[in-house]
Amino acid sequence: MDSSNNLRRAVVHVLDLCRRHGVRVAIFFFLSAAHAQVNSWTNLTSGNWEDPYWSLGILPGTNQTVLFTNLGSKTLTIGSNTAQRFPESLRISSIDIESPENATNTLTLDHSGLDLPLAAQ
């Protein structure tokens, strides 16, 4: 997928967030999107950080803003497998965790260790 399609998908996602959460969110995302690519969790159910449900088709990484804001209640887990096999995916620009009304999105660090924490730079 080329970068123009990624940008288009990110803008559509931001506009959807604006509709649901208001202009304040839009300003934050447009400012952060200018500095980083947006990579959104797309699965509607719980999963692991390394699962293939990212809008960019790749695991998060540096210069990416991670959005965990989609519909439904779910838990996204960063576990020991993530830390050991995909440590580069734990270095990101920023992360936003939100959920729609009457739902809960939770990010869990489950035995991921202290040597390589999730770092938003």
Side-chain angles (χ1 to χ4, degrees):
M1 186 178 298
D2 68 13
S3 61
S4 63
N5 283 340
N6 290 337
L7 180 58
R8 197 171 300 120
R9 287 175 67 182
V11 169
V12 167
H13 183 76
V14 168
L15 292 175
D16 181 55
L17 285 172
C18 293
R19 181 182 53 78
R20 289 186 289 149
H21 299 289
V23 175
R24 179 184 57 83
V25 173
I27 292 169
F28 169 77
F29 286 116
F30 280 121
L31 290 175
S32 65
H35 300 287
Q37 286 186 306
V38 174
N39 202 357
S40 302
W41 178 256
T42 60
N43 196 1
L44 296 178
T45 61
S46 296
N48 294 305
W49 186 268
E50 65 270 18
D51 291 346
Y53 298 104
W54 293 101
S55 61
L56 295 179
I58 58 172
L59 293 179
T62 56
N63 298 322
Q64 289 184 8
T65 295
V66 171
L67 300 182
F68 182 40
T69 57
N70 58 339
L71 298 174
S73 292
K74 68 197 96 32
T75 299
L76 182 57
T77 301
I78 296 174
S80 60
N81 186 57
T82 310
Q84 291 170 5
R85 295 187 63 215
F86 308 98
E88 66 283 353
S89 74
L90 300 176
R91 299 280 184 243
I92 57 176
S93 289
S94 64
I95 186 166
D96 185 38
I97 304 167
E98 292 185 33
S99 56
E101 194 171 318
N102 299 319
T104 303
N105 283 335
T106 304
L107 177 66
T108 301
L109 301 175
D110 183 16
H111 294 91
S112 56
L114 300 174
D115 293 336
L116 187 68
L118 176 65
Q121 303 163 354

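Numbers for residues simply follow the sequence, beginning at 1. Note that the structure is predicted; figures quoted are calculated from it, not measured.
Partners of E50 under the side-chain hydrogen bond (donor to acceptor under 3.5 Å, both in side chains) rule, at least two apart in sequence or in another chain, are N81, T82. Taking the side-chain contact (heavy atoms from CB on, under 4.5 Å) definition, one finds that L109 meets it with I78, S112, sequence neighbours left out. Listed by chain and residue number, nothing satisfies the side-chain hydrogen bond (donor to acceptor under 3.5 Å, both in side chains) test with N48 (two or more places apart in sequence, or in another chain). Looking at residues two or more places apart in sequence or on another chain, you find a side-chain hydrogen bond (donor to acceptor under 3.5 Å, both in side chains) between S89 and W49. For the side-chain hydrogen bond (donor to acceptor under 3.5 Å, both in side chains) test, no residue two or more places apart in sequence or in another chain qualifies with D51. Residues that satisfy the side-chain contact (heavy atoms from CB on, under 4.5 Å) test with A120, not counting sequence neighbours, are I92.
Distance check: L107 CG to W41 CH2 gives 10.5 Å after rounding to the nearest 0.5 Å. Note that the CG atom of D110 and the OG1 atom of T75 stand 10.5 Å from one another [nearest 0.5 Å]. Atom OG1 of T42 sits about 10.0 Å away from atom CG of L56, to the nearest 0.5 Å. Taking NZ of K74 as the reference point, atom OG of S99 lies at 7.5 Å (rounded to 0.5 Å). Once rounded to the nearest 0.5 Å, the distance linking CG of L76 with CG of N70 reads 9.5 Å. With rounding to the nearest 0.5 angstrom, the OG atom of S73 is 8.5 Å from the CG atom of N102.
Between H111 and S80, the closest heavy-atom pair is O-CB, 3.2 Å. Taking each heavy atom of N39 and Q64 in turn, the nearest pair found is ND2-OE1, 2.9 Å. In this structure, P100 and T69 approach most closely via the heavy-atom pair CD-O, 4.4 Å. Across P60 and V66, no two heavy atoms sit closer than the pair CB-CG2, 3.6 Å.
Around atom OH of Y53, no more than 12 heavy atoms belonging to other residues, nucleotides or ligands sit under 6.0 Å away.
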Quiz item: Under the side chain to side chain donor-acceptor pair (under 3.5 Å) criterion, do T65 and S93 qualify, and how do the steps go?
Solution: CA-CA 5 Å; T65 295; S93 289; 5.4 Å; no
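With N63 contributing its side chain and Q37 its backbone, the two residues share no donor-acceptor pair below 3.5 Å. Remark: side-chain polar atoms of N105 are paired, donor with acceptor, to backbone N or O of E98 under 3.5 angstrom.
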